[in-house]
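Reading through the structure tokens given below for one structure.
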Amino acid sequence: MDDLGFADDRPIDTQEQDLLGRYAFAGNLAAAIASWKNKESLVIALMGAWGSGKSSIKNLSLQHFNATPELQFIEFNPWEWGGQEKLSAKFFEEISIAIKRKDKSQDGRKLARVLRQYGKRINSGAAVMEGVAKYVPLLLSSALVTSYLSAWAENPVVTTVMAVLSGCSAVAAGAPMLKKAGKYLLDWAEGMDKSAKDAELTLSEVRHEIRTLLAKRDHPLLIVMDDIDRLSAEQVKQLLQLVKGNMDFPNVVFLLLFQRDIVEQGLERAGFNGSEYLEKIVQVPFSVPALSAERLQAVLFERLDAILASEPQLAAQFDTGYWGSMYRKGLSQFFKNLRDVYRYTSTLAFHCRLLRGVDVAEINAVDLFSLECLRTFAPASYEALSQHKSILTGRGSILRQDQAEKERIRSKIGSIVDLASKDYRDGVEQIIQKLFPTLDWVFRNMTYDGATHAQWLRESRVCCPEVFDRYFELALPVGGVSNSLLHSLKSLLTDHKRFCEVLQRQDGPQQGAILDRLEAHVDDFPLEQSDAVVETLLNAGEVVVGGQSTMTTLSTDTIVSRLLRFFLQRHEEPAVRSGLLVSAFEQAKGFNALMHLLSWESSSRRKSEPSDLDDAGFDQLRSMFVSALLTQADKNPEAFLEHWNFISFAYRLDAFADGAGSQWIKRQVATLERFILFAIALVGKSTSYSGDVVSEHYFVRITQLDELLGIEECRGWMSQIQQDALSGPARQAVDLVAQALDRHQRAERTEWD
């Protein structure tokens, strides 16, 4: 395994690599094979499912054999060879070479020679038939073939072939192909001449000599054949026939490794009863020892611990309780053997690295571990999850939690589960339900409050729409808010200058997204440094990009105010909250955030609802707000008129100080230039959607003209304006004021008035 956790999935070779305690079984198997001494061969099968460790047990057994020099084994992998003639020929050739290399005695060299000779003899027929079958259509089409082969007519085999071909005539074929056909028969005939000279013994005599040489051995010759279950059906049949039909010699032990059901199915396709056929071939069937769940779990957890050790960001936030529940109910069902463990952990480490973050993890480790399990073992279900964000995160279902909606979602989740193989479906279902408690209202009739959702967001759970996409894109979404940025801002909450500098580097939408995400972390704000935190949040309200709240989104200054309010609510005493605000406002004139807080407080008091501030503190803060805001407005009236929040300020001054806002406007809008600035501040915008068409409508409300300056005062200023001399926002604002005044003259009202 490399530093990323990738595993090559190769079988082990030594006891030191044995993680599953198979060494003792392998040793006993080797001892049983070494003790075999009989006049016939023995066929042993080691059977087990894919990934169960057959090849590893084989390697450990052969390690025991290596410890005893007189014990000899030969490995032959039939998967490397194709057709019957190749399989059979290469088998005897490889066996001969191995014996010659390992056994330097006279009998060993002789055994190697006669085995090679034996292999050639039993394969010569198959070779010529394959060659003749290849060229006979061409040869039969030409009467010229007889003369072409006459030079080798003394060879009895060629003479026979010529006798057959000479009786056949047809249209002559092309000369090049005839040359190839003739050359094949020439090469084969010469080979047969050589074999005839070398092989003075009959086939029966060769077999007798092999049996004699093998019977002399003190220890059996072990021939190991692995990967039999990778062969085609026909190749499986040929291999087993080779083992039993042509190598039934004394002191020979075959160790065959395969998955039983696959080989049986192959034999069925080849026309045999699979189980009965194997019973005739295999005398001693072994199964790979069952693997205890505890031992496999130990290997899995050891690799996961190694991954976490290399990812301190993930480890720091790893919830062992959540992991234990997720593993027991879901993940444990997917791991049957070591190969499953290696497949899973090989890519998990890589994906952890992708989302590790700068300072903190960008995801929840348990959720990533669980989704990686689905990606590895149930990839179709994993892909389907990525396409149903709204259902899984609860978006789109909040307003329709009725029985029909429940059934629709239950059916959809069921279809996602059914995409997995049958053995995995229960585990897939359990993992999905654990990953997405947002579905509990469907499956358990349970719902959760805002505090629980905030906790999920703090933990970067996949069930949160804000972080869902990164689990499937395996990267931060474009424009997304990283946990590392949130971590950095939380650490700067007591340093208002640096906090605001980071916030100002973002555009308006990004500021809103960041502040919205911070809301889930309010409980992490340092309570012991409340003075500094409140001051920072008041300042933050002054540096955010201005805007208006809509039906679906809050303005950035509103979100800052919510953060401030939720933080203050961590202090139980209203007087403490008021005191913190008074002290901070003296240092930082945070008009935007304080205006929202005072508005909420006023609304709560009117409705006789619980309030955040005590009476004295509320009155003091209102007075401080009005005084400081009017002082700043008087210092620079143009800047106050141009402030993006001017209209809200004016109305709050009216509410908090008996019309102070409209009085200031009537007093300060004393020039045509200031009236135009006032008109620009009054322009509002609404957006409507019809299919793919987005429409924007700009307007000025009659009520605001009347309440803040007065209709007649506005008419007076409008009579002095030369509209044709204006352009841009000024021209738009003056036109909209004129339209509003016309509607007022006609006693008309629109939906915006």
Please state whether the rings of F468 and F472 are parallel, tilted or perpendicular, taking 30° and 60° as the class boundaries. tilted
Which heavy atom of W441 sits nearest to which heavy atom of K406, and what is that distance? O-CE, 3.0 Å
Does the gap between the ring centers of Y344 and F335 come in under 6.0 Å? yes
Is any side-chain heavy atom of D340 less than 4.5 Å from a side-chain heavy atom of L296? no
Contacts of type side chain to side chain contact (heavy atoms under 4.5 Å, CB included), residue E268, not counting sequence neighbours: N273
Q313 and Q317 side chains, donor-acceptor separation under 3.5 Å: no
L304 vs Y327 side-chain heavy atoms within contact, under 4.5 Å: no
Side-chain contact, heavy-atom cut-off 4.5 Å: D426 with Q430? yes
Taking it one step at a time, do I432 and L439 satisfy side-chain contact (heavy atoms from CB on, under 4.5 Å)? CA-CA 9 Å; I432 291 175; L439 296 173; 4.3 Å; yes
Would you compute the distance between atom CG of L267 and atom NZ of K237 and round it to the nearest 0.5 angstrom? 9.5 Å
May I have the step-by-step check of side-chain contact (heavy atoms from CB on, under 4.5 Å) for R517 and V467, ending in yes or no? CA-CA 10 Å; R517 286 288 306 279; V467 294; 4.0 Å; yes
From I514 atom CD1 to S482 atom OG, the distance as rounded to the nearest 0.5 Å: 8.0 Å
Flag, side chain of D440 to backbone of M446, donor-acceptor distance under 3.5 Å: no
Heavy-atom distance under 4.5 Å between the side chains of F436 and C463, does that happen here? yes
Over 60° means perpendicular and under 30° means parallel, so classify the ring planes of F318 and W323, tilted if in between. tilted
Crowding at NZ, K329 (>12 non-hydrogen neighbours, <6.0 Å): no
Interatomic distance, CG@L221 vs CD1@I33, rounded to 0.5 Å, equals 11.5 Å
Point-to-point distance, once rounded to the nearest 0.5 Å, from CD of E279 to CD1 of I281: 11.5 Å
Less than 4.5 Å apart, any side-chain heavy atom of S325 and any of K434? yes
Verdict with reasoning, S56 to N59, per side-chain hydrogen bond (donor to acceptor under 3.5 Å, both in side chains): CA-CA 5 Å; S56 293; N59 289 345; 5.7 Å; no
Set of residues satisfying side chain to side chain contact (heavy atoms under 4.5 Å, CB included) with respect to D261, sequence neighbours excluded: Q259, Q265
Nearest non-hydrogen partners of A26 and S61, listed with the distance: O-OG, 3.1 Å
Do E362 and S484 have side-chain N/O donor and acceptor atoms under 3.5 Å apart? yes
R408 vs I391, test: side-chain contact (heavy atoms from CB on, under 4.5 Å). Steps then yes/no. CA-CA 10 Å; R408 183 185 76 85; I391 289 178; 3.9 Å; yes
Side-chain heavy-atom pair L240, I228 within 4.5 angstrom cut-off: no
Can you tell if the side chain of M47 reaches within under 4.5 Å of the side chain of F258, non-hydrogen atoms only? yes
In short, D229 meets I262 closest at the heavy-atom pair O-CG2, 3.5 Å
May I ask you to decide whether K389 forms a salt bridge with D469, counting only side-chain N to carboxylate O separations under 4.0 Å? yes
Would you mind writing out the side-chain donor-acceptor pairs for residues 364-385 within the sub-3.5 Å range, not counting sequence neighbours?
| from | atom 1 | to | atom 2 | distance (Å) |
| --- | --- | --- | --- | --- |
| N364 | OD1 | V366 | N | 3.0 |
| N364 | OD1 | D367 | N | 3.1 |
| N364 | ND2 | E459 | O | 3.2 |
| D367 | OD1 | Y322 | OH | 2.5 |
| D367 | OD1 | R461 | NE | 3.4 |
| D367 | OD2 | R461 | NE | 3.1 |
| D367 | OD2 | V462 | N | 2.9 |
| S370 | OG | V366 | O | 2.8 |
| E372 | OE1 | H351 | ND1 | 2.8 |
| E372 | OE1 | R375 | NE | 3.1 |
| E372 | OE2 | T347 | OG1 | 2.5 |
| E372 | OE2 | R375 | NE | 3.2 |
| E372 | OE2 | R375 | NH2 | 2.7 |
| R375 | NH2 | T347 | OG1 | 2.8 |
| T376 | OG1 | E372 | O | 2.8 |
| S381 | OG | I416 | O | 2.7 |
| S381 | OG | A420 | N | 3.4 |
| Y382 | OH | Y471 | O | 3.4 |

For N483 and S460, work out which heavy atoms get closest and say how close. ND2-OG, 2.6 Å
Show the numbers, then the answer: is there a side-chain contact (heavy atoms from CB on, under 4.5 Å) between H453 and L457? CA-CA 6 Å; H453 284 268; L457 187 56; over 6 Å; no
Which pair of heavy atoms, one from L314 and one from A361, lies closest together, and at what distance? CD2-CB, 3.5 Å
Can any side-chain N or O of K54 pair as donor or acceptor with the backbone N or O of A49 at less than 3.5 Å? yes
I'd like to know if the side chain of S346 reaches the main chain of R343, judged simply by a donor and an acceptor atom lying under 3.5 Å from each other, with no hydrogens or angles considered. no
Separation between CD (E466) and CH2 (W456), nearest 0.5 Å, reads 12.0 Å
For residues Y424 and Q333, determine if any side-chain heavy atom of one lies less than 4.5 Å from a side-chain heavy atom of the other. no
Non-hydrogen atoms of F334 and V428 that approach each other most closely: CZ-N, 3.7 Å
Starting at CG of L231, measure out to CE of M225 and round the result to the nearest 0.5 Å. 10.0 Å
